[in-house]
Number of protein chains: 2
Amino acid sequence: MSDRTVRGRLEVTCRNCSLMRLCIPSGLTQQEIEHLSRLVIGKKTLQRGDYLYRKGGKFRGIFAIKAGTAKLVTYDLHGNGYVTGLLLPGELLGFDAFAADRHECSAIALETVRYCELPADRLDELCREVPKLLRELFRHASAKLYGETSQVVLTKRTADERVATFLLDISRRLQVRGFSALEFRLSLTRQDIGNYLGLALETVSRILGKFADEGLIGVHSKHVRIFKQEALQAICTGSAELPSA
Amino acid sequence: MSDRTVRGRLEVTCRNCSLMRLCIPSGLTQQEIEHLSRLVIGKKTLQRGDYLYRKGGKFRGIFAIKAGTAKLVTYDLHGNGYVTGLLLPGELLGFDAFAADRHECSAIALETVRYCELPADRLDELCREVPKLLRELFRHASAKLYGETSQVVLTKRTADERVATFLLDISRRLQVRGFSALEFRLSLTRQDIGNYLGLALETVSRILGKFADEGLIGVHSKHVRIFKQEALQAICTGSAELPSA
DNA sequence: CGGAAACTTGAAACCTTTCAAGAGTCGTGG
DNA sequence: CCACGACTCTTGAAAGGTTTCAAGTTTCCG
């Protein structure tokens, strides 16, 4: 069953994709996944700084990140950029173009990125053949909607809470994908993190430093270790500071 | 063709709904709209403070507001509420429950509200019969996603910009629905506006007062008139203050 | 008409930003 | 392999916008 070699090379399909259970196919049957596989464009590679798509660009399809990370950036009338999202391996992007058929934001690789593509021009075709697909996509979009709402709420909280929540959010999402939850690399710069959280980059640096001083985390440039998850959790929920151990 | 009377009374359907072009059916054919009409539950009425649905409640369907306004509120672990949205007549809500089949926020009537319901249990049925429907719903959800993103960006701007943007956003949305764009009633309290924009209620009051002093708007309790739209627009985009006329 | 809720306004307190300078990191090339 | 330059990050001190606290006024509704 694992002989899916086409034109002599190993073909990566949704079926043997390590992210299968986390990506679009979750919720589909084996047969439906097989169907999907044939239409998905396999892994492409981009380098740091490359665009997956640009704001205003035509909708090409839904992307799934296989490896690496990317950021979502919107721009206002003055050309100021706002980081609105961070995409980790196994996550989907491109939904912002569904309404207007044009992207509302740009997606930029933060390091070498490999990704799959579910081409827009085959979406209709595929939705006919796999009725459940659109519903699945909808589910993903809806989940993203909730994510954005959470983001809105987060921006109303204090700087400490925002940074703590940011760290734990990444931690949790990495864990779901099978990566280490307690040690990871921040692919965003302090500037980008600040922009994302609505804080000055100096504030991010300061708070990260403070958390490190308090022994909650370890920070070395972009490398982060989480030592006291519960303490961070307590900060997130705005609880009183835990007594210094 | 206008004899759609059932059981002796005039039946309100999507077909003769004044909001037709703004609601779900936009993008569907006459025949498809007819189909949709049969499954939609007609106008229901709620009073100020009543819930359209509650956070955690099971997904009952997509709602369309016919008259009145409502607010969306999420709650954190401590029970603090966060206003995440304001719904005007002709707008849809309920998408937040699509992912988990449970609502991520509560929807509360701000005054007497009449609304239609596209029941969840008939959604599947209808999506089969009207293939384009799910896609249309998706389009709506995607648009809401962009709205949330805009909200995130907005929360990173100054208090003046937030309030000005808030006023113009309502103005624009009312205009689309055929209401007066320059004179309307703020159904949210200062508290709710502040919560929505991430500001203290006093700050909202002060800025509204300032705008009024500067002759940009007229404010009388919840009643608002916009006098200088361009000036507000200039504030939104963070441009320099216009010279006092 | 009376009471509760909503709104306004002032002044002090506070958190975050801004400005500024220096240290660290990374990639390239001598 | 180390030096150089660009970029990123850290840290301090002052400035500034919002919030908080407080008191008074207005609006709404029974």
Side-chain angles (χ1 to χ4, degrees), chain A residues 47-49 69 71 80-83 108 110-112 154-167 185-214 217-225 235 238 241, chain B residues 47-50 69 71 80-83 108-112 154-167 185-214 217-224 235 238 240-241:
Chain A
Q47 298 306 317
R48 175 188 173 87
T69 59
K71 65 177 175 182
N80 301 316
Y82 298 89
V83 178
I108 304 171
L110 292 170
E111 61 239 334
T112 303
L154 182 60
T155 314
K156 293 171 184 171
R157 309 202 60 82
T158 69
D160 282 14
E161 289 168 359
R162 295 187 218 183
V163 175
T165 304
F166 173 71
L167 292 174
R185 184 178 174 279
L186 284 176
S187 42
L188 291 172
T189 64
R190 301 288 189 271
Q191 170 94 63
D192 281 342
I193 296 172
N195 187 313
Y196 179 57
L197 297 176
L199 298 170
L201 70 94
E202 295 94 331
T203 306
V204 175
S205 180
R206 261 185 266 270
I207 292 174
L208 248 21
K210 188 178 69 171
F211 286 171
D213 287 347
E214 295 170 348
I217 62 175
V219 185
H220 240 293
S221 178
K222 296 197 186 283
H223 188 87
V224 173
R225 282 202 55 147
I235 292 173
E241 303 290 322
Chain B
Q47 299 306 318
R48 175 189 173 86
D50 289 346
T69 59
K71 65 178 175 180
N80 302 315
Y82 297 90
V83 179
I108 305 170
L110 292 169
E111 61 238 334
T112 303
L154 182 60
T155 314
K156 293 172 183 169
R157 309 204 60 83
T158 69
D160 283 14
E161 289 168 359
R162 294 187 219 181
V163 175
T165 305
F166 173 71
L167 292 174
R185 184 179 174 278
L186 283 177
S187 42
L188 291 173
T189 65
R190 301 288 189 272
Q191 170 95 62
D192 280 343
I193 297 172
N195 187 314
Y196 179 56
L197 297 175
L199 298 170
L201 71 93
E202 294 94 332
T203 306
V204 175
S205 179
R206 262 184 265 270
I207 292 175
L208 249 20
K210 189 178 70 172
F211 286 172
D213 287 346
E214 295 170 348
I217 62 175
V219 185
H220 244 292
S221 177
K222 295 197 186 283
H223 188 87
V224 174
I235 292 173
E241 303 291 323

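Letters A, B, ... mirror the listed sequences (proteins, then strands); counts begin at 1.
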Closest of C:dT25, C:dC7, D:dC9 to the A:His220 side chain is C:dT25
Winner on side-chain proximity to A:Leu201, out of C:dC7, D:dT11, D:dT10, is D:dT10
(Q) Donor-acceptor pair, distance only, cut-off 3.5 Å: does the side chain of A:Lys156 make one with the backbone of B:Leu197? (A) no
Looking at D:dC28, I'd like to know if its phosphate oxygens (OP1 or OP2) sit under 4.0 Å from a side-chain N or O belonging to B:Lys222. no
B:Ile193 atom CD1 is separated from C:dA6 atom P, nearest whole Å, by 13 Å
Whole-Å distance, A:Arg185 CZ to D:dT8 C1', equals 12 Å
In whole angstroms, the gap separating P of C:dG27 from CD of A:Gln47 amounts to 13 Å
### Query
With a non-hydrogen cut-off below 4.0 angstrom, is B:Thr189 in contact with a base, only sugar-phosphate, or nothing?
sugar-phosphate
Per atom distances to the B:Arg206 side chain, the nearest of D:dA13, D:dC9, D:dT19 is D:dT19
Rounded to whole Å, the NZ-C1' distance (B:Lys156 to C:dT17) equals 16 Å
Testing C:dC7, D:dA22, C:dC19 for proximity to the side chain of A:Glu202, the answer is C:dC19
Output for pair (B:Arg206 CZ, B:Leu201 CG), nearest 0.5 Å, gives 9.0 Å
Atom CG of A:Leu186 and atom P of C:dT25 are separated, to the nearest Å, by 15 Å
Less than 4.5 Å apart, side chain to side chain, heavy atoms only: is that true for A:Asp160 and A:Lys210?
yes
Only residue of A:Val219, A:Asp192, A:Ile193, A:Thr69 satisfying side-chain contact (heavy atoms from CB on, under 4.5 Å) with A:Leu186 is A:Ile193
Between B:Arg48 (side chain) and B:Leu110 (backbone), is there a donor-acceptor pair under 3.5 Å? yes
Whole-Å distance, A:Arg190 CZ to C:dT25 P, equals 11 Å
| said: When you measure from the side chain of A:Asn195 to the backbone of A:Gly81, do you find a donor-acceptor pair of N or O atoms at a distance under 3.5 Å? | reply: yes
Taken to the nearest whole Å, CG/B:Leu208 to P/C:dA6 is 16 Å
From NE2 of A:His223 across to P of C:dC26 the rounded distance in Å is 12 Å
Let me see the working for B:Arg190 and B:Leu208 under side-chain contact (heavy atoms from CB on, under 4.5 Å), right down to the final yes or no. CA-CA 10 Å; B:Arg190 301 288 189 272; B:Leu208 249 20; 3.6 Å; yes
Interatomic distance, OG1@A:Thr158 vs CD1@A:Ile235, rounded to 0.5 Å, equals 8.5 Å
### Message
Run A:Phe211 and A:Ile207 through side-chain contact (heavy atoms from CB on, under 4.5 Å) and show every step you take.
### Response
CA-CA 6 Å; A:Phe211 286 171; A:Ile207 292 174; 3.7 Å; yes
| Check: A:His223 main-chain N/O paired with A:Arg185 side-chain donor or acceptor under 3.5 Å | no
Per-helix bend value, the helix from C:dC1-D:dG30 to C:dG30-D:dC1, C1' rotation axes over five pairs per end, 10° rounding, shows 40°
Just the table, please: protein N/O against nucleotides 16-18 of chain D N/O, every pair under 3.5 Å.
{"from": "D:dT18", "atom 1": "OP1", "to": "B:Ala159", "atom 2": "N", "distance (Å)": "2.8"}

Spell out yes or no: do the side chain of A:Gln191 and the base of D:dC9 have one donor N/O and one acceptor N/O closer than 3.5 Å?
no
